[in-house]
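In what follows, residues are counted from 1 in the order of the sequence shown.
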Amino acid sequence: MILNYFRFTLSRLPRFTVITTTISPYVKSYSLPKFEQFPRTYATGSPGQFKTYKPRTPGLRWLKRPINDHLWKGKPVRKLTIAKRATGGRNHHGHITVRHRGGGHKRRIRVVDFQRWDTGPHEVIRVEYDPNRSAHLALLQNQETGKLSYIIAPHELSPGTIVQSFRKQEQIKTNEDPSITRVLAIEKGNCLPLKMIPVGTLVHCIGLKPNGPGILCRAAGGSAQVIRTGEKGYAQVRLSSGEVRLIHVDCCATIGTLSNPDHQHRTLGKAGRSRWLGIRPTVRGVAMNACDHPHGGGRGKSKGNRHPCSPTGVLAKGGKTRRRPNRWVVKPRARR
């Protein structure tokens, strides 16, 4: 009788609660009259609103995820997706080349337009979730031809916004005053060559070749800053890691920072959620046999006076693995 009443009470509890207050809901004002209550913050420089759940089960107790109520609830555009065949981290010989991969939910690859060659105004139809990346996607429609395409959505890009691409040189030459183009084009979601972007602008989806797609800064919340540019030669871009890199001024870049900046502060809550994402468990090297890992074997917890490394012997913590320096790096990132 008591067990049935307990189950009935749990069924009537709300499934989730949204934390928007600055004070922890678990601390009452009358319980700590002598101490000051500290604000509850999750992320610095970001919205910091997360969805937490009542601990009805052990897996929900520590589950914390960003609030993404603005995302599209339906399915993606079918013709803009292709099938993704899972490999389980194995190559054509059947040998494991990438560890900790396998299982997970079936996915379809969204065909993202990293080139941005289509000119003219494009309207943002909606913002969608992409299971293959940490950032969100924006569905664009060309107002002249009606063609649909996907791009990685910048932060706070709302439906109905008009974005454009200024990659083709013919479109730049037709303008009489280039200074007017520089002022009008610097809006989030617009794609321009680096020579048209003012110094100090935050950009993402940066190309490495003049006619190539955007490659750098494509993860959630990522961005880079243009610190030097010109009409010819190479521009200097500071990446999020602190590295300053030389990139040709004719390479493309998109204005703004990427969406979903709170992705790094989420908590999965249980091991099964990692399996849903296709992530398999990790086994420590000291727990293996000597034939399976350089840290394996021996009696007790012993690594044999060897520096931390991977199963193939590649140094893992601070070891130098680059055989020759990268000539495009002006200032390397800070090392530990």
Side-chain angles (χ1 to χ4, degrees), residues 15-20 22 39-53 59-76 81 84 98 100-101 103-114 124 126-140 150-159 161 188-189 202-206 214-225 238-243 253-282 333:
R15 287 196 167 270
F16 63 87
T17 56
V18 179
I19 296 179
T20 57
T22 58
R40 185 177 184 181
T41 58
Y42 294 105
T44 303
S46 60
Q49 291 187 353
F50 292 84
K51 181 188 297 183
T52 57
Y53 297 79
L60 294 178
R61 180 176 296 275
W62 303 111
L63 177 61
K64 184 179 67 174
R65 52 178 53 171
I67 299 176
N68 294 320
D69 296 336
H70 63 285
L71 297 181
W72 172 251
K73 303 299 190 298
K75 296 182 179 180
T81 62
K84 181 179 181 180
V98 181
H100 317 138
R101 289 194 181 184
H105 200 282
K106 185 182 292 186
R107 307 176 183 179
R108 290 188 67 85
I109 298 177
R110 277 70 167 171
V111 181
V112 182
D113 183 16
F114 293 112
V124 179
R126 61 189 185 224
V127 181
E128 299 183 5
Y129 167 77
D130 189 2
N132 303 296
R133 67 186 72 252
S134 56
H136 299 152
L137 295 183
L139 180 64
L140 305 184
Y150 278 125
I151 65 169
I152 301 182
H155 183 49
E156 295 181 352
L157 183 70
S158 58
T161 307
K188 68 176 67 174
L202 296 179
V203 295
H204 64 273
C205 288
I206 309 169
I215 296 178
L216 301 179
C217 299
R218 304 198 312 197
S223 64
Q225 188 177 20
R238 182 187 292 114
L239 304 179
S240 58
S241 62
E243 178 180 292
T254 307
I255 306 299
T257 60
L258 284 172
S259 55
N260 198 15
D262 292 326
H263 172 78
Q264 60 176 338
H265 302 293
R266 65 172 184 168
T267 303
L268 297 181
K270 62 179 182 179
R273 202 173 301 275
S274 296
R275 303 305 299 265
W276 297 346
L277 299 177
I279 303 174
R280 298 186 66 237
T282 302
R333 61 183 176 89

- Message: Within a 6.0 Å radius of atom CZ on R61, are there more than 12 heavy atoms belonging to other residues, nucleotides or ligands?
- Response: no
[atom1]-[atom2] distance between [X] and [Y], expressed to the nearest 0.5 angstrom:
X    : Y    : atom1 : atom2 : answer
L140 : Y150 : CG    : OH    : 10.5 Å
L202 : S240 : CG    : OG    : 11.0 Å
T267 : L63  : OG1   : CG    : 8.0 Å
C205 : I255 : SG    : CD1   : 11.5 Å
S259 : R133 : OG    : CZ    : 10.0 Å
H204 : T254 : NE2   : OG1   : 4.5 Å

What I'd like to find out is whether the side chain of [X] reaches to under 4.5 Å of the side chain of [Y], using heavy atoms alone.
X    : Y    : value
H263 : P66  : no
I152 : F114 : yes
V127 : W72  : no
L277 : L268 : yes

- List in chain and number order the residues that pass side-chain hydrogen bond (donor to acceptor under 3.5 Å, both in side chains) with R101, two or more places apart in sequence or in another chain; answer none if no residue qualifies. none
Looking at every non-hydrogen atom in both residues, tell me the closest pair between [X] and [Y] and how far apart they are.
X    : Y    : result
A135 : A220 : N-CB, 3.8 Å
R273 : R65  : NH1-NH2, 3.0 Å
A224 : C217 : CB-SG, 3.7 Å

- Can you sort out the partners of R218 under salt bridge (charged side-chain N to carboxylate O under 4.0 Å, His left out), two or more places apart, ordered by chain and number? none
- Query: In chain order, what residues pass the salt bridge (charged side-chain N to carboxylate O under 4.0 Å, His left out) check against R126, with sequence neighbours excluded?
  - Reply: E128
Is it true that a side-chain atom of [X] and a backbone atom of [Y] form a donor plus acceptor pair closer than 3.5 Å?
X    : Y    : answer
R110 : L137 : no
K73  : L71  : yes
N260 : S134 : yes
T161 : V124 : no

- Message: Between R108 and T81, is the side chain to side chain donor-acceptor pair (under 3.5 Å) condition met? List the steps.
- Response: CA-CA 6 Å; R108 290 188 67 85; T81 62; 3.1 Å; yes
- Query: Of D130, L258, N68, which is the lone residue that meets side chain to side chain contact (heavy atoms under 4.5 Å, CB included) with H136?
  - Reply: N68
